[in-house]
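The structure appears right after this line, and notes come after that.
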Amino acid sequence: MAPMPGIDPDDSLWSWLAFDLRFHREGRGLTQAEVGKILGVTKQQVHNLESGIRKPNKMQAQTLDAVWGTGGHFARLRKFAEEGHDRNWFRTFVLYEARACIVKAYSSSIVHGLLQTPDYARALLVAGHVGDVEAALAARMSRQAVLGTEHPPEMWVLINESALEQPVGGPAVMRRQLAHLLEVSRSPNFVLRAVPRRVGAHMGLDGSFTVISTRNERVAYLEALGGGRLAQESAEVAGLALRFDRIGADALSRTDSRVLIERIMEGMA
């Protein structure tokens, strides 16, 4: 059978898994709705699984193996996919970001992508030796469109004081970035709180992460050196949501966070 349009099984293990789900379904003459009954999900959710938008959980993979007699193929493939690095994780994450109702982001070392000014973002891309800086910048800025919709998501942001102090792009660029944070922090759908340096060691020092809630589900992504990882398992996402709350317990109030940002701006030559 030729590869299905929209999914390349050679692209990643997750793509292979999505491809095989449709391959085995069509080989058995089943509709997406019929597979949905097997898995206890809707036709649309099966479509999302086959398109790679959504990843099957452990129980779903085991159910397919049991019902279709595939000898543990789906469970095994899912296990290796989960343990490996998914090159397409960010593309999937952006799809969730665009449909977000609530975004809770913890930023350890830099300002979150949805809140970066063009000059700040460009400085990061140049420093990261990105090949086509302008194309990458345009892609990053396009993500921010979700904040300008008629019904933008609620956005809760925790950011380390050190990230506010790092003069990315130089003092002038950083002052404009901080001014932008002050502006958006006054939006009714936005909460910005800084984690002060005096807190010392805390759970957020392991790295940045974002938890996104859509109307139907909740996912998270964790940043890592050279890439990142999308988390969709409910237990892992719940753990990250709890981590966000625990970090927030040590953060400054919204008002005190704005005072801190203004003080940092004043100190930049």
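Along the sequence shown, the residues carry numbers beginning at 1. Not measured: the values here are computed from a predicted model.
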Could you check if a side-chain atom of [X] sits within less than 4.5 angstrom of a side-chain atom of [Y], using non-hydrogen atoms only?
{"X": "F190", "Y": "W156", "answer": "no"}
{"X": "V157", "Y": "V191", "answer": "no"}
{"X": "R229", "Y": "E236", "answer": "yes"}
{"X": "T214", "Y": "I102", "answer": "no"}
{"X": "Y221", "Y": "V211", "answer": "no"}
{"X": "W14", "Y": "P56", "answer": "yes"}
{"X": "D8", "Y": "S15", "answer": "no"}

N/O donor-acceptor pair under 3.5 Å between [X] side chain and [Y] backbone:
{"X": "S213", "Y": "R218", "result": "no"}
{"X": "N160", "Y": "A163", "result": "no"}
{"X": "Q144", "Y": "M141", "result": "no"}
{"X": "Y120", "Y": "V111", "result": "yes"}
{"X": "R193", "Y": "G248", "result": "yes"}
{"X": "S51", "Y": "N48", "result": "no"}

Report the relative orientation of the aromatic rings in F209 and Y106; use parallel for angles under 30°, tilted for 30 to 60°, perpendicular for over 60°.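 F209 and Y106: tilted rings.
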Are [X] and [Y] close enough that a side-chain donor and a side-chain acceptor fall under 3.5 Å?
{"X": "R28", "Y": "H24", "result": "yes"}
{"X": "T70", "Y": "D65", "result": "yes"}
{"X": "T42", "Y": "Q45", "result": "yes"}
{"X": "E50", "Y": "Q32", "result": "yes"}

Scan residues 246-267 for pairs that pass salt bridge (Lys or Arg N to Asp or Glu O under 4.0 Å), counting only residues two or more places apart or in two chains.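 Sorted pair list: R186-E262.
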Determine which pairs satisfy salt bridge (Lys or Arg N to Asp or Glu O under 4.0 Å) with at least one residue from residues 122-147, sequence neighbours left out, and list them in order.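 The answer is E97-R143, D119-R122, R122-E134.
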Is there a chain of hydrophobic side chains (I, L, V, M, F, W, Y, each step under 4.5 Å between heavy atoms) that links [X] to [Y]?
{"X": "M265", "Y": "L252", "value": "yes"}
{"X": "V173", "Y": "L124", "value": "yes"}
{"X": "L205", "Y": "V195", "value": "no"}
{"X": "V184", "Y": "L182", "value": "yes"}
{"X": "I261", "Y": "V259", "value": "no"}

Give a yes or no on whether M59 atom CE has more than 12 heavy-atom contacts from other residues, nucleotides or ligands under 6.0 Å away.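 Counting other residues, nucleotides and ligands, CE of M59 stays at 12 neighbours or fewer.
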Spacing of [X] atom [atom1] and [Y] atom [atom2] [to the nearest 0.5 Å]:
{"X": "M174", "Y": "L178", "atom1": "CE", "atom2": "CG", "answer": "4.0 Å"}
{"X": "I110", "Y": "Q177", "atom1": "CD1", "atom2": "CD", "answer": "10.0 Å"}
{"X": "I264", "Y": "L164", "atom1": "CD1", "atom2": "CG", "answer": "4.5 Å"}
{"X": "E26", "Y": "L21", "atom1": "CD", "atom2": "CG", "answer": "10.0 Å"}
{"X": "M155", "Y": "L192", "atom1": "CE", "atom2": "CG", "answer": "9.5 Å"}
{"X": "T117", "Y": "E183", "atom1": "OG1", "atom2": "CD", "answer": "11.5 Å"}

Give me the atom names and distance for the closest heavy-atom approach of [X] to [Y].
{"X": "Q116", "Y": "A121", "result": "OE1-CB, 3.3 Å"}
{"X": "P9", "Y": "W16", "result": "O-CB, 3.5 Å"}
{"X": "A220", "Y": "L230", "result": "O-CD1, 3.4 Å"}
{"X": "L30", "Y": "W68", "result": "CD1-NE1, 3.8 Å"}
{"X": "L39", "Y": "Q60", "result": "CD2-O, 3.7 Å"}
{"X": "S257", "Y": "A194", "result": "OG-N, 2.8 Å"}

Determine all donor-acceptor pairs shorter than 3.5 Å in which one atom belongs to a side chain in residues 147-154; sequence neighbours excluded.
{"from": "T149", "atom 1": "OG1", "to": "V146", "atom 2": "O", "distance (Å)": "3.1"}
{"from": "T149", "atom 1": "OG1", "to": "H151", "atom 2": "O", "distance (Å)": "3.4"}

Do the charged groups of E217 and R54 touch, with an N to O distance under 4.0 Å?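 Yes.
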